[in-house]
Chemist: 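Handing you a structure now.
Every chain is numbered from 1 and lettered A, B, ... according to where its sequence line falls, protein lines coming before strand lines.
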Protein chains: 2
Amino acid sequence: MSYFLRESQDVEPDPYQRNCGSRQVLDRIGDRWSVLVVLTLAHGGKRYGELAQRIDGVSQKMLTQTLRGLERDGLVSRTAHATVPPRVDYELTDLGRSLVDLVAGLEAWATGHLGEIEAARARYDAR
Amino acid sequence: MSYFLRESQDVEPDPYQRNCGSRQVLDRIGDRWSVLVVLTLAHGGKRYGELAQRIDGVSQKMLTQTLRGLERDGLVSRTAHATVPPRVDYELTDLGRSLVDLVAGLEAWATGHLGEIEAARARYDAR
DNA sequence: CTGCATCCCACACGATACTG
DNA sequence: CAGTATCGTGTGGGATGCAG
């Protein structure tokens, strides 16, 4: 229980530090809409409207904003077709695909442990 | 392993649906402070003050709030010692530990791809 | 030391209306 | 269809002060 026990691997970019860029990355991963968009696109490219329809409860504004963010971070590519009516396709980049397994793991954990968590909440609230 | 999540036979909680509980779970996982707390506690139990010191930038309010949330969800256990001055220890429960690998994977991805992401951002902003 | 209470405000987000 | 623009508000979260 030595309080000066130091983990030797704490040398690299450290998300515990305030301004470390990895925090920004974690923020993006943590964003609820980003996660859902990545998950949705994991099955293959989608049009804007398909995404809006598939992701229940997302507003137009948030969907666009989320897609812009993901595009800026190089996780999603955007392809606009100059047709009438317009058509815009989104798909994951290689970088985005490298994240899918992790995010899918999160979803699996969430659904898999939902029961335990709800039970814990009920227990806590009943005290 | 396919990241395409298969439909299970029972009612599947679908995070794409608005009111599904798994969204709430995802929200907790996605919370920046929750992730950092879980990561910090992964190495072993910590006192309140240690957490506050270790997690740079977290306010007292948010730390307490985050710990309550994690405790409510059954991810963290809280042990208060009736001493003077008081001492409160936090540690991961089994449920909490089951999440560590996933969250650590997220952190590893974040630090590992930080360079690519920053490059992508620079490229995007320079258009 | 650990935390709850209060005040306060920036900004995240939804709703709505408009456009190429 | 796929956005952009604008506005109103709810609240996340910091700062401060107090208590056990």
Chemist: Please round to 10 degrees the angle between the axis of the first five pairs and the axis of the last five pairs in the helix from C:dC1-D:dG20 to C:dG20-D:dC1.
Modeler: 50°

Chemist: Who pairs with A:W33 by ring pair (Phe, Tyr, Trp, His ring centres under 6.0 Å), at least two apart in sequence or on another chain?
Modeler: none

Chemist: Please give, in whole Å, the distance from C:dC1 C1' to B:Y90 OH?
Modeler: 11 Å

Chemist: Run the salt bridge (Lys or Arg N to Asp or Glu O under 4.0 Å) test against B:D101 and tell me which residues pass, sequence neighbours left out.
Modeler: none

Chemist: Got a sec, which residues hit salt bridge (Lys or Arg N to Asp or Glu O under 4.0 Å) with B:R47, two or more places apart in sequence or on another chain?
Modeler: none

Chemist: Does A:S59 or B:G49 map to a spot on DNA chain C nearer the 5' end, using the closest nucleotide for each?
Modeler: B:G49

Chemist: State which residues pass salt bridge (Lys or Arg N to Asp or Glu O under 4.0 Å) with B:R97; sequence neighbours excluded, sorted by chain then number.
Modeler: B:D94

Chemist: Name all residues meeting the side-chain contact (heavy atoms from CB on, under 4.5 Å) criterion together with B:R72; count only those two or more places apart in sequence or in a different chain, and write none if there are none.
Modeler: A:R121, A:Y124, A:D125

Chemist: For A:Q60 and C:dA12, what is the distance between atoms CD and C1' respectively, to the nearest whole Å?
Modeler: 17 Å

Chemist: Closer than 4.0 Å, any side-chain N/O of B:R78 to the OP1 or OP2 of C:dG3?
Modeler: yes

Chemist: Tell me every residue that passes side-chain hydrogen bond (donor to acceptor under 3.5 Å, both in side chains) with A:S34, counting only those two or more places apart in sequence or in another chain.
Modeler: A:R28, A:D31

Chemist: Specify the separation, in whole Å, of atom CG of A:D89 and atom P of D:dC1.
Modeler: 14 Å

Chemist: Rounded to whole Å, how long is the line connecting atom CZ of A:R47 with atom C1' of D:dA2?
Modeler: 9 Å

Chemist: Check the distance between C:dA12's C1' and B:D27's CG and give it to me in whole angstrom.
Modeler: 14 Å

Chemist: List for me each residue that meets side-chain hydrogen bond (donor to acceptor under 3.5 Å, both in side chains) alongside A:R123, sequence neighbours excluded, and say none if there are none.
Modeler: none

Chemist: Expressed in angstrom and rounded to an integer, what is the separation of A:I55 atom CD1 from D:dA2 atom P?
Modeler: 14 Å

Chemist: Please give, in whole Å, the distance from D:dT11 C1' to B:D31 CG?
Modeler: 14 Å

Chemist: NE2 of A:H81 versus P of D:dA2: gap in Å, rounded?
Modeler: 10 Å

Chemist: Using a cut-off of strictly less than 4.0 Å between a heavy atom of the residue and any atom of DNA chain D, enumerate the qualifying residues of residues 61-75 of chain B by number.
Modeler: B:K61, B:M62

Chemist: Could you tell me whether the side chain of B:T111 and the main chain of B:A108 form a donor-acceptor pair under 3.5 Å?
Modeler: yes

Chemist: Start with the C-alpha distance between B:T79 and B:Y90, add both sets of side-chain angles, then the distance that settles side-chain hydrogen bond (donor to acceptor under 3.5 Å, both in side chains), and finish with yes or no.
Modeler: CA-CA 6 Å; B:T79 310; B:Y90 293 92; over 6 Å; no

